[in-house]
Amino acid sequence: MAKIILTGDRPTGRLHIGHYVGSLRRRVQLQNTGDFDEIYIMIADAQALTDNMENPGKVRDNIVEVALDYLAAGLDPARSSLFIQSQIPELTELSFYYMNLVTVARLQRNPTVKSEIQMRNFENSIPVGFFTYPISQAADITAFKATTVPVGEDQEPMIEQTREIVRKFNFVYGDTLVEPEILLPENEASMRLPGTDGQAKMSKSLGNCIYLSDDAATVKKKVMSMFTDPGHLQISDPGKIEGNTVFTYLDAFSNKGHFEEYLPEYQDLEELKAHYRRGGLGDVKVKKFLNNVLQETLEPIRKRRAEYEKDIAYVYEVLRKGSETAENKAAGTLSEVRHAMRIDYFDDEELIRSQQAYFNDRAAREQEGRRPRRGGKR
Ligand code: ATP
Ligand code: MG
C-alpha cells in the first residue's frame, strides 16, 4: 500500500514554535527521507472559517503567512503538495456523506472539541459547522487515502474519530477508505508545547507564542521574560523542572551539539537540570542558553522566509499547483466513494442495461397476462 501523508494548519495566524515541534519539523524530516509516496499539506481555511465566520479577512491574509512558514521551514513543493482546503470542493461532498455515519452524541464526546467550545465561549451558540469539523477533518484525511498524519497531541481525538468513520463506511458500503495512523512527536515536550506564559498550550488564540517569523530581538525578549519556577527566587534556591517552561522548551529543542557550542561546562540537559534542582543555577543563565538554541534553529528559517517574501506570486503559484494535484487525488477517492454508496448513476452502464431489461421483461409479461417476475430491478 502506498505511504501517504496528510496534515495541515488553520490559517488563523503565523505559525509558532509549538507548530514546529508538534508537526512541521516532523513533516520536513519525513519529506526528506523520501520514504513517502505522496505528501499533502493543507491550509485549512474552510475549517478556520467555522469559528472565524465573521472575520474572513483574517483567514484570507493568513494563507500566505502559513505558506511562507511552510516554505521557510523546508517543505519543498517538488516533493509535497501544499494546497488550500476550500479549493477542493470534493472535501465538502465527502463531509456531507460522512455526516450520516456519526451521531451528535459522539461529536459531543470529542474532548478537543469540548475544550475548544469552552475556550471560545460557544456553549450556547455553537455554529453547526464548528461542531462538525471533526467530520470534515475525516474527509480531509480520507480523501487523500492518508496512511500517516503527523500532528500534535490535541489532534488525537480527531484521528480516532476519523478511524471510526472509515470503519463504519467500509462496513456499510464495502472496503473503500484507508484507516490512518497518527504520528505524534517523538518527545513529551513537543506533544503540546506550553505557551511562554506557562499556559498548557502555545496557541495563536492565546497570545503566548514565539513565532517562526519573529526577529532575533523579539525572540530574545520573549525568552528572557518567560515563565519559570515561581519558587526559585535566589540563585542558590533549589529549582523545579516540572512545569518550568524554559526546561520544557529545552526538552523540545536542545541537543548535545548545543551544549558543546554554547554551554560546554555541562555535558547535556540532564546535567543542567540536576544543577537547577540542587540550586546554584540562575534562570538568566538557562534562558540565555535557550535563546542561543532557539536562535540557531530559527535563523535559517527566518532567512529563507525573507527570500520567499520577495516573491509572493511564486508562493501563490505553489499553492495553485498544489491545489490542482490535491483535487485530482480527492476526485479519484470521491468517485470510488460514490460508486461504493451506489450514487454513481451516470458512470454505471450496467445500471441502464439491467433496468431496461427489467422493464422490458415486465411489459412482456403483462402482455402475455403473466405476473411480473418477483424481486427488484437489481
Ligand atoms: P488555533 O488556535 O486557531 O486552533 P493552533 O495554534 O491550535 O491554532 P492549529 O492550526 O489548530 O494551531 O494546529 C496545527 C497543528 O499544530 C496541529 O497538528 C496541532 O496539533 C499542532 N499544534 C498546535 N499547537 C501546538 C502546541 N502548542 N504544541 C504542539 N503542537 C501544536
Ligand atoms: Mg487548534
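Remember, it's 1-based here, ligands and their atoms both numbered in the order they're listed.
Not counting sequence neighbours, the partners of Glu336 by the side-chain contact (heavy atoms from CB on, under 4.5 Å) test are Lys145, Thr176. Not counting sequence neighbours, the partners of Glu309 by the salt bridge (charged side-chain N to carboxylate O under 4.0 Å, His left out) test are Arg305.
Between Glu164 and Arg167, no side-chain nitrogen of the basic residue sits less than 4.0 Å from a carboxylate oxygen of the acidic one, so the salt-bridge criterion is not met. Ion pairing between Glu242 and Lys273 fails under the 4.0 Å rule for side-chain N and carboxylate O.
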What are the atom names and distances for all N or O pairs under 3.5 Å between ligand 1 and the protein?
| unit_1 | atom_1 | unit_2 | atom_2 | d |
| --- | --- | --- | --- | --- |
| ligand 1 | 2 (O) | Ser203 | OG | 3.1 |
| ligand 1 | 2 (O) | Ser205 | OG | 2.6 |
| ligand 1 | 3 (O) | Arg10 | NE | 3.1 |
| ligand 1 | 3 (O) | Arg10 | NH2 | 3.2 |
| ligand 1 | 3 (O) | Thr12 | OG1 | 2.8 |
| ligand 1 | 4 (O) | Arg10 | NE | 3.2 |
| ligand 1 | 6 (O) | His16 | NE2 | 3.3 |
| ligand 1 | 6 (O) | His19 | NE2 | 3.1 |
| ligand 1 | 7 (O) | Lys201 | NZ | 2.6 |
| ligand 1 | 8 (O) | Lys204 | NZ | 3.4 |
| ligand 1 | 10 (O) | Arg10 | N | 2.9 |
| ligand 1 | 10 (O) | Lys204 | NZ | 3.3 |
| ligand 1 | 12 (O) | His19 | NE2 | 2.8 |
| ligand 1 | 18 (O) | Gly152 | N | 3.3 |
| ligand 1 | 20 (O) | Gly152 | N | 2.9 |
| ligand 1 | 20 (O) | Asp154 | OD1 | 2.5 |
| ligand 1 | 27 (N) | Leu193 | O | 2.9 |
| ligand 1 | 27 (N) | Met202 | N | 3.4 |
| ligand 1 | 27 (N) | Met202 | O | 3.0 |
| ligand 1 | 28 (N) | Leu193 | N | 2.8 |
| ligand 1 | 30 (N) | Gly18 | O | 3.3 |

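Applying the ring pair (Phe, Tyr, Trp, His ring centres under 6.0 Å) test to pairs two or more places apart or on separate chains, those with a residue in residues 133-163 are Tyr40-Phe144, Phe83-Phe144, Phe130-Tyr133.
Between Tyr173 and Phe169, the ring planes are tilted. Angles from 30° to 60° get that label.
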